[in-house]
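Computed from a prediction, not measured in an experiment: that's the story for all the values here. This chain uses plain numbering: 1 for the first residue, then up along the sequence.
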Amino acid sequence: MSSFNLLSEPIRKYIRDKKWESLRPIQEAAIQKIISTDHNYVLISRTASGKTEAAFLPILSKVNFKEQGVKVLYISPLIALINDQFRRVEELCEYLDVSVTKWHGEASKGQKDKLIKDPNGIVLITPESIEAMFVNKPYNVHHLFSSLEYVVIDEIHSFLGSDRGIQLKSLLNRLQSINKNKFSIVGLSATVSDANKYVELKEFLGNTGNTKIIRDITPKPINAVFKYFQASSSELPLALLKDLYVRTRESKVLVFPNARGRVEEVAVKLKKISDQVGGHPNYFSHHSSVDKEVREYVEFFAKNQSHQNFCISCTSTLELGIDIGNVDEVVQIDATHSIASLIQRVGRSGRREGKESNLFLYATDPWSLLQSLACWLLYKEQYIEPIAVNKKPYDVLVHQLLSIVKGISGIILTDLLEQLKNNTTFSNIETEEIKDIILHLTAIDFLEKLGNEFIIGIEGEKVVNNKDFYTLFKSDTLFKVSNKGIKIGELPFSSQLIHDQNVFLSAKIWKIIDIDFKAKKIEVTPANDGKKPLFGGDGTDVALKIREKMLEILLSKETFEFLDEIGQEVINELRTEFYPYEITDVKTQRPLLSSNYHLTLYSFTSSRINRTLSFIMDTINIDHHLDKKNISFEIIHYSASAFISILNELSSVNVDQALSELIERNPGILDFSKWGHYLPIKYQIELLKTNYFDFEGCTTYLQNLKIVEN
């Protein structure tokens, strides 16, 4: 039987009314599997390939929504994505007379109350809202979700390998434990690595044997053009901006710089050029610090403009699947830090069936160009970074432990241990380790023991009763920015926020005229003095495979038809620096430049292994410096032979002792983890080993390392 005929008649009518000529490949495959089995599925296909419908068409045909209780839970990483998907799912559900409810911090209280009175249909929700319900109104969790049949997780790749993903995995376990029957999970993604045959992905859903992957590998044509403009200062070259303007002035465009400051710089300067030559005025910035209403206006404008062109300069806020209509071109300024991110961004253009995706990539320094080439070539090879899995997430355990205790308002130790041990998220953490952490949380007043029961302690109440408790990501201290009572956005606190300083925000330049540190407010006025604005941004870790590919490019003589002439010359100049080295194996051999007791080791390894190497060298007092591109180490006061000899001794460092001293010296080293500070010291050490450094990878790297001297 065809996939179309397997669907219920109301759903078939929906498809006919939409005048679909046919189902997409991912839809054909998913309908057959989801309707006929109760397995978990992950649907993997490129952006705008119809994954949402591939999940919901068979689920809506299969589930009996006349039974009481919410039957389908749609979990999204973004509130904006929920709001966007709500319209699509609601339209589909009108054919079945099935209600759809948004449940998040900005959603209507009236709609939530209506759902509580009569639990039914489909709920669209974030992990944080599920967490808040477990903590504050656990009876609502039972009332609403005890008869779930399906959970749909959108953009599932955005959760994998993160603390937020571990939190979601724990919440799914907790939902499963209160459910009358086991619900099935359908995950949606455009970018998941197939390394290890998706084992990590299947484990994330809790049942590797019952989880199946449906992947559409239909390639999408992509036109890529790489151009090089050397930056002589911290600002983008004017020639680059002029070229970008000419290439995109008659298009609908997304521009992805790598930091919020760059986002604002691009939006402001392109609009200035456009104003000077009489071009269109539709230049916007879109990132987390821009006011929510402004972001929503930009999204609405883009989605509803069939005739006017626009240019949105943005961060990863528009990397995920928010529908902003048809985008003609995607521009990337300097290298992405991951292939997964590049895939998401490229997929934002050419969303119409049969249309190609267009990518313009601008690089402003040689190493960024090299990394861009490496990412692009790996993308063409269909490589995606493997998922990094924390087998013992002690810090998330602290959070979930507090969540359980708060929600139950008193629990005996055996019941608490049973809940945590039955949660597959923490199955690798030993019972004695959990007891150890509970004892520590009691000692610091996060927990208190009353008789045989544990309750939240005095210090714990301060944390658990804060609205930030529900999130696993650590928030910046944000200052609200206003001009004459109109909110413009927010800026993270930094030493650069001072009176009379100019800042970029919301595609304009503003001058700070007042800062209220107590109220966390900044008053600004439009800036016209030409002073250079400030707005920073942080880099992200780069994978080993990307760095190996960079070295491989340097050692080859290949030319690239998508790279402009200047860019090819820049790559050739970089290659001349490495001609003296006879390297035949990019996995093990690394160049060492030696000159007058000053060495340069080109490590060409991952950011985390570089960080680990630097830490070990610090520990044994090797005077060194890791360059800002995270490519090479400058080694001072050592001959090549002495340094090579010392490399063999790096593995003998007492890592635990050194990490303990590092934490004592610099407690802020744990700031990457929201809950790590509340762990006993030995678990803080383990957290650094697994989430910040890579000692296992570093050991393997050093064992295989073969130094090639000039």
Side-chain angles (χ1 to χ4, degrees), residues 1-8 11-12 14-15 20 22-63 72-77 81 85 88-89 92 122 148-161 165 168-169 172 182-220 320-321 339-340 343-344 347 351 353 379 382-387:
M1 187 180 289
S2 71
S3 295
F4 178 79
N5 290 329
L6 288 172
L7 299 171
S8 65
I11 297 299
R12 293 203 298 268
Y14 169 84
I15 292 171
W20 292 6
S22 63
L23 294 169
R24 304 277 183 87
I26 193 69
Q27 294 164 353
E28 286 277 5
I31 289 166
Q32 295 272 358
K33 298 293 186 182
I34 292 173
I35 282 185
S36 61
T37 73
D38 291 322
H39 294 314
N40 295 333
Y41 288 99
V42 181
L43 313 184
I44 303 173
S45 67
R46 57 180 171 76
T47 304
S49 60
K51 291 186 293 294
T52 302
E53 288 77 11
F56 276 101
L57 293 177
I59 288 172
L60 291 175
S61 295
K62 183 177 180 180
V63 171
V72 180
L73 198 60
Y74 163 96
I75 299 175
S76 166
L81 194 52
Q85 294 287 42
R88 296 170 67 184
V89 176
L92 182 54
I122 298 172
L148 281 175
E149 293 188 33
Y150 275 94
V151 172
V152 178
I153 306 174
D154 205 357
E155 307 285 1
I156 192 170
H157 60 274
S158 68
F159 293 109
L160 301 175
L168 175 56
K169 182 178 179 180
L172 290 171
K182 287 192 76 68
F183 54 75
S184 300
I185 302 173
V186 179
L188 311 177
S189 179
T191 52
V192 180
S193 171
D194 61 358
N196 301 323
K197 298 181 179 179
Y198 299 108
V199 168
E200 292 86 0
L201 176 58
K202 292 178 178 180
E203 287 180 348
F204 179 79
L205 298 186
N207 190 331
T208 55
N210 191 46
T211 300
K212 311 297 179 185
I213 308 297
I214 302 176
R215 185 180 178 195
D216 175 14
I217 57 173
T218 306
K220 183 172 181 63
L320 297 178
I339 290 93
I343 291 170
Q344 287 291 131
R351 291 170 69 92
E353 192 67 18
Y379 167 77
Q382 298 189 335
Y383 173 83
I384 304 175
E385 294 87 353
I387 300 160

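Using a distance-only test at 3.5 Å, with no hydrogens or angles considered, no donor-acceptor pair links the side chain of Ser8 to the main chain of Ser61. Checking side-chain atoms of Arg215 against main-chain N and O of Ile44 turns up no donor-acceptor pair under 3.5 Å. In this structure, the side chain of Ser3 engages the main chain of Glu28 through a donor-acceptor pair within 3.5 Å. Between the Lys51 side chain and the Arg46 main chain, a donor and an acceptor come within less than 3.5 Å of each other. For Glu155 (side chain) and Pro77 (main-chain N/O), no donor-acceptor pair under 3.5 Å exists by modelled atom type. The main-chain N or O of Ile156 is never found under 3.5 Å from a side-chain atom of Ser189 such that the two would form a donor-acceptor pair. Between the side chain of Lys169 and the backbone N or O of Glu203 there is at least one donor-acceptor pair closer than 3.5 Å.
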Intermediate values then yes/no, side chain to side chain contact (heavy atoms under 4.5 Å, CB included), Val72 and Leu60: CA-CA 9 Å; Val72 180; Leu60 291 175; 5.6 Å; no

Residue pair Phe204, Leu168: steps toward the side chain to side chain contact (heavy atoms under 4.5 Å, CB included) verdict: CA-CA 9 Å; Phe204 179 79; Leu168 175 56; 4.0 Å; yes

Steps toward side chain to side chain contact (heavy atoms under 4.5 Å, CB included) verdict (Ile213, Val192): CA-CA 11 Å; Ile213 308 297; Val192 180; over 6 Å; no

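Across all their heavy atoms, Asp216 and Pro25 have their closest contact at OD2-CB, 3.8 Å. Between Gln344 and Ala190 the shortest heavy-atom distance is OE1-CB, 3.4 Å. Across every non-hydrogen atom of Ala340 and Thr191, the tightest pair is O-CG2, 3.7 Å. Closest non-hydrogen pair, Gly161 versus Ile387, comes out as N-CG2, 3.8 Å.
Here the straight-line distance linking atom CD of Glu149 with atom NZ of Lys62 works out to 8.5 Å at 0.5 Å rounding. Rounded to the nearest 0.5 Å, atoms CZ (Phe4) and CG (Leu57) are 10.0 Å apart. With values rounded to the nearest 0.5 angstrom, Ile26 atom CD1 is found 9.0 Å from Leu188 atom CG. To the nearest 0.5 Å, atoms CD1 (Ile15) and CD (Gln27) are separated by 7.5 Å. Atoms CG and OG1, from Leu92 and Thr52 in turn, are 10.5 Å apart once rounded to the nearest 0.5 Å. A distance of 5.5 Å separates CG of Leu205 from CD1 of Ile153, quoted to the nearest 0.5 Å.
Here Arg88 pairs with Glu53 in a salt bridge; the nearest charged N to carboxylate O distance falls below 4.0 Å.
Using a 4.5 Å heavy-atom threshold, the side chains of Tyr150 and Asp38 count as touching. Two residues are said to be in side-chain contact when any heavy atoms from C-beta on lie closer than 4.5 Å; Ile122 and Phe56 meet this criterion.
Leu6 pairs in a side-chain contact (heavy atoms from CB on, under 4.5 Å) with only one of the listed residues (Ile34, Ile35, Ile11), which is Ile35.
Side-chain atoms of Gln85 and Ser76 include no donor-acceptor pair closer than 3.5 Å.
Annotation for Lys212: atom NZ counts as buried by contact number, over 12 foreign heavy atoms lying within 6.0 Å.
By the 30° and 60° cut-offs, the orientation of the rings of Tyr14 relative to Trp20 is perpendicular.
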